[in-house]
2 protein chains.
Amino acid sequence: MAPIRNAKVIYKEIPQGYPEPGKTTVYDASGTIDLDTVQLAPNSVLIKVLVLSIDPYIRGRMRDPKIPSYAPAYPLNEPINTDGIGKIVKSTHPDLKPGDIVRSKLKHEEYTIKTAEELANPFAGVEVIKPHPKVPLSLYVGVAGMPGKTAHNAWRTFAKAKKGETAFVTSGGGPVGSMVIQLAKQDGLKVIASAGSDEKVAFMKECGADVVFNYKTTSTKEVLDKEGPINVYWDNVGGETLDLALGAAANFARFIECGMISGYNSKEGVVFKNMVNIVAKRLTLNGFIQWEIEAPWKEDFEKTVIPRLADGTFKYKEDVSHGLENSGQAILDVQKGVNKGKKIVLVAEE
Amino acid sequence: MAPIRNAKVIYKEIPQGYPEPGKTTVYDASGTIDLDTVQLAPNSVLIKVLVLSIDPYIRGRMRDPKIPSYAPAYPLNEPINTDGIGKIVKSTHPDLKPGDIVRSKLKHEEYTIKTAEELANPFAGVEVIKPHPKVPLSLYVGVAGMPGKTAHNAWRTFAKAKKGETAFVTSGGGPVGSMVIQLAKQDGLKVIASAGSDEKVAFMKECGADVVFNYKTTSTKEVLDKEGPINVYWDNVGGETLDLALGAAANFARFIECGMISGYNSKEGVVFKNMVNIVAKRLTLNGFIQWEIEAPWKEDFEKTVIPRLADGTFKYKEDVSHGLENSGQAILDVQKGVNKGKKIVLVAEE
């Protein structure tokens, strides 16, 4: 077989503001690969990239490598990498065979090699998945993957939900929050949910939330005063909203601390007026990282979440860009928040 | 037998600043009681008051009754009441007999009646205790009572302490904090402890704390930077110290939220800079009220704490005023913080 195209998206320079397609990242279609003759070192695999996940944290990796952070800075002049789904087309690794569908950090190129060293690293290695025939592959980086597991595993671990209680879910229009809404409704709770656009608000309603609002145009405090007190708080935002949730907490409320967007960049701090409620109302606050709490819920996730995605019980929203050449624009869209759902780039069909 | 004196301490007026003996409360020795002829209604008891506990919260009850708070305002022109220990001298209640030692909210008078209605109320009723022969009775409102149980029950419930870890205890010189220090040392932790006077600092050292400091003269941040990170934080103060503890937290640290003195009166709120660590370091914060978590630890407390108080393993510090006439001054001393240990008024010997 003749060589075929192997396009890449190269990370060219550290952006000052928004990452610009063609400047921060450059699509380069000049590369080729010959799938018949390509040579693999021992214990390596060649992967055909199918789906790439585009997430807000990518911007954080586009930084001066001297600045430490929880995820490493991208090296310049190499393809960027993000979560993705691919299919193994060649393998010299004893546990991985051609045809296996894998989830991994994948370079933004159409065909990519994982070296023996990468495969031995839990953060760069691959996870073989057995996709449900009725669940689109792309969901495995969305509600059937990390965001869905984040919602499911933390809800099961920390919510201690009782029928008739009230939950408040922030960022309820995203892949994590929308799953939390649906899990809470399944457990028989009244759900208050907030998001930052009317489109997301409409989607939260579709997911079954009882009280939905756009926090940019409606006072969170007024909603909580009227619809609270709250027994479970799903925190994706921190800051002033967390303080309002503390103020609206019922006795023994559980606060699931998934993220604090508003706190990440604030060196001046945030004024809290309701911290005393942690004592007065005997609250529990739990921070977590998904993969650290995953083990006891793996089977439960496969048995209860995947089938409900397959039969349409659980709703989700994707915003799909077709073709690797759109990766840079997809990254920018997510940074600007103009995406209409979980953003993915569909690189190729199986 | 002839009538004998039954002195009282009457609550006369709502104080503006500090409660003044002779003005806020007045000692009145004019009352008498005839123990032979006194008539009790059915299901009531007459108690000889032995020990009264003097605590900071008393000031909060000396307020306009229109202002709601967790403990009811004292009614004017009646004896104030606080936690105390007494001995039943007469009883018409089937479950209580003369000679029983009881712990209860007790009026500040030498002999006091508990009515059937009061005895039926869990907050005003009496608890019969069987004091250990080598444990002074007064400790049953201190380290052998509520403060000791607060330390023990919450430490056992929430600390998840592992040998070699580091704990930071605030208000470490008080009856709760000093017990926490000793429980943490028993579990093999390194203990950092802070208090607001050099005398308390010396006592914390006596209790076994490894690193002790006076937060008024030493920077909490500098101590935590040097001696942390911390795995368990015992919070008696809230506010800025809580924020510093969040900043110094190790991954998976447990925050035991016992009290937030600094937050009770602050309407402006407190600036928090380190809240994001709840997520980033996967922290757990737990608020609690002692009696709600007591049930599983009752036996453990009797078996592990009381014997260690009896044999001198566990240290404690009392500041004793002799005679009911000193109740007003004792209350003022505690408000000014000049007491040298858990403040009690010894009203009478058994």
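Sequence lines set the chain letters: A, B, ... in the order given, protein chains first and strands last, and positions in each chain run from 1.
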| When only heavy atoms count and the cut-off is under 4.5 Å, which of residues 281-293 of chain A reach chain B? | Arg282(A), Leu283(A), Thr284(A), Leu285(A), Asn286(A), Gly287(A), Phe288(A), Ile289(A), Glu292(A)

| note | Here the pair of heavy atoms bringing Met275(A) nearest to Leu242(B) is CE-CD2, 3.5 Å

| Results of side chain to side chain contact (heavy atoms under 4.5 Å, CB included) for Ala120(B) - residues two or more places apart only | none

| query | Is the count of non-hydrogen atoms from other residues, nucleotides or ligands lying under 6.0 Å from Glu127(B) atom CD greater than 12? | reply | yes

| said: Ignoring hydrogens, what is the shortest heavy-atom contact between Glu268(A) and Lys273(B)? Give both atom names and the distance. | reply: O-CE, 3.9 Å

| said: Strictly by ring-ring contact (aromatic ring centres under 6.0 Å, His included), give each pair with a member in residues 231-261 of chain B just once, sequence neighbours left out. | reply: Phe168(B)-Tyr233(B), Tyr233(B)-Phe255(B)

| said: How about NZ on Lys221(A), more than 12 heavy atoms from neighbouring residues, nucleotides or ligands closer than 6.0 Å, or not? | reply: no

| message | Is the shortest side-chain heavy-atom distance between Ile278(B) and Met260(A) below 4.5 Å? | response | yes

| query | How would you list, by chain and number, every residue that makes a ring-ring contact (aromatic ring centres under 6.0 Å, His included) with Tyr74(A), sequence neighbours excluded? | reply | Tyr11(A)

